[in-house]
Amino acid sequence: MKLAIAGTYSVGKTLTTMAVAHLTGLPRSSAKTMRELLPISIPGKTLEECTPAELIMLIMRRNQERAVNESHLRQGFVSDGSSLHEWAYGTVRVLVGINPNESVNLETVEVSEEVRFYGKVLEQMAVPAKQHAKAAYDSFVHLPIEFPLVADGHRPVNERFRSLADELMLKTLDELNIPYHSVGGSIPERLQKIIDIYGIRPAMSIDEAIEKAQQEYAELDTTNEVDRIAV
């Protein structure tokens with residue numbers, strides 16, 4: 001099975017993906033985070049400071065790495081995100097402003113010509129993103145917005161941005177006729193629902209899978225992009 005875990009910021013996507021991978025025995029697929037990509041792509045800049053052209057480059061790098069990683073996992077995987085995610089975030093930025101943070105009134109954002117052009121580019125980037133999603137994933141697990149947005153000093157987003165991105169993701173899955181299941185609740189509840197929905201025989205107990213996922217998650221480097229050393 002090739003399963004993608006979908007959801008916008010601060011819904012527990014990464015920890016859930018790690019736990020699902022341990023629970024099912026499927027390898028986890030992911031791509032470098034923007035925190036990791038920025039120091040090697042645009043040293044010294046934060047995500048909030050990126051221009052539309054730079055955001056397009058970052059989207060391309062992330063999707064390229066994601067596709068390469070998935071191509072080596074022919075027997076199945078569980079993906080942290082999908083080819084649709086960066087495209088969806090970029091598309092919503094056209095609507096709400098390139099740097100959507102809490103100080104921005106998203107209902108009155110003025111769209112510059114540069115951003116309009118960025119939007120046209122993203123319309124074309126949607127073509128391979130959607131084709132890849134249709135071909136690469138058997139099903140999506142959608143994690144709904146249940147938890148408050150975490151202000152991590154990295155992602156310039158707000159609740160309206162999250163809602164619009166989530167709506168676009170679900171609309172796109174419907175458009176592509178890709179099966180998905182919305183799975184909410186605590187991590188144990190999510191895992192139980194997932195193995196029930198897909199009829200998966202677990203490789204270990206839910207508690208063991210969560211413990212391993214928490215250990216793995218604790219090892220993630222969440223250092224701010226400008227404080228990282230490019231490697």
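From a predicted model like this one, the values you see are computed outputs, not experimental measurements. Only heavy atoms go into these numbers, but all of them, side chains included; no hydrogens, no water, no symmetry mates.
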For I210 and I206: C-alpha separation, side-chain torsions, deciding distance, then whether side chain to side chain contact (heavy atoms under 4.5 Å, CB included) applies. CA-CA 6 Å; I210 293 173; I206 287 176; 3.7 Å; yes

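- The main-chain N or O of K212 is never found under 3.5 Å from a side-chain atom of Q215 such that the two would form a donor-acceptor pair.
- Atom CD of E175 has more than 12 heavy atoms from other residues, nucleotides or ligands within 6.0 Å.
- Side chain of E65 to backbone of K32: a donor-acceptor contact under 3.5 angstrom is found.
- Under a 3.5 Å cut-off, the side chain of E86 and the backbone N or O of M60 do not form any donor-acceptor pair.
- D138 places a side-chain N or O within donor-acceptor distance of the main-chain N or O of K2, the cut-off being under 3.5 Å.
- For the pair L3 and Y198, the minimum side-chain heavy-atom distance is below 4.5 Å.
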Would you check, one step at a time, whether the test side chain to side chain contact (heavy atoms under 4.5 Å, CB included) holds for L37 with M57? CA-CA 10 Å; L37 287 177; M57 178 271 293; over 6 Å; no

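- H85 places a side-chain N or O within donor-acceptor distance of the main-chain N or O of S82, the cut-off being under 3.5 Å.
- L143 and I5 get closest at one heavy-atom pair: CD1-CG2, 3.8 Å.
- By the 30° and 60° cut-offs, the orientation of the rings of Y9 relative to Y89 is parallel.
- Atom-to-atom distance recorded for T51:OG1 and E114:CD is 6.0 Å, nearest 0.5 angstrom.
- Paired with T8 under the rule side-chain contact (heavy atoms from CB on, under 4.5 Å), one option of M169, E167, R162 passes, and it is R162.
- Annotation: side chain of D174 is in contact with side chain of Y180 (closest heavy-atom distance under 4.5 Å).
- At a threshold of 4.5 Å between non-hydrogen side-chain atoms, the residues L220 and M18 count as touching.
- Side-chain N or O atoms of K13 include none that pairs as donor or acceptor with a backbone N or O of D80 at under 3.5 Å.
- When each of I42, L38, L47 is tested with E54 by the rule side-chain contact (heavy atoms from CB on, under 4.5 Å), just one qualifies, namely I42.
- Put simply, the side chain of R28 never gets that close to the backbone of V78: no donor and acceptor are under 3.5 Å apart.
- Contact annotation: the side chain of R61 approaches that of I40 to within less than 4.5 Å [non-hydrogen atoms, C-beta and beyond].
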Take M1 and S139 through the side chain to side chain contact (heavy atoms under 4.5 Å, CB included) test and state the conclusion after the steps. CA-CA 8 Å; M1 174 178 287; S139 184; 5.7 Å; no

L58 and C50: side chain to side chain contact (heavy atoms under 4.5 Å, CB included), yes or no, with the steps? CA-CA 10 Å; L58 291 168; C50 289; 4.0 Å; yes

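- The CD1 atom of I145 sits 4.5 Å away from atom CG of D166, with the distance rounded to the nearest 0.5 Å.
- A donor-acceptor pair is defined here as one N or O able to donate and one able to accept, closer than 3.5 Å; such a pair exists between the side chain of K134 and the backbone of L176.
- Within the 4.5 Å cutoff, side-chain heavy atoms of I59 are placed close to those of L122.
- Between I194 and H181 the shortest side-chain heavy-atom distance does not fall below 4.5 Å.
- Crowding of E146 atom CD: a count of heavy atoms from other residues, nucleotides or ligands under 6.0 Å exceeding 12.
- Taking a cutoff of 4.0 Å between a charged side-chain nitrogen and a carboxylate oxygen, E123 and K120 do not qualify as a salt bridge.
- Summarising the geometry, atom CG belonging to L173 is positioned 9.0 Å from atom OG belonging to S182; distances are rounded to the nearest 0.5 Å.
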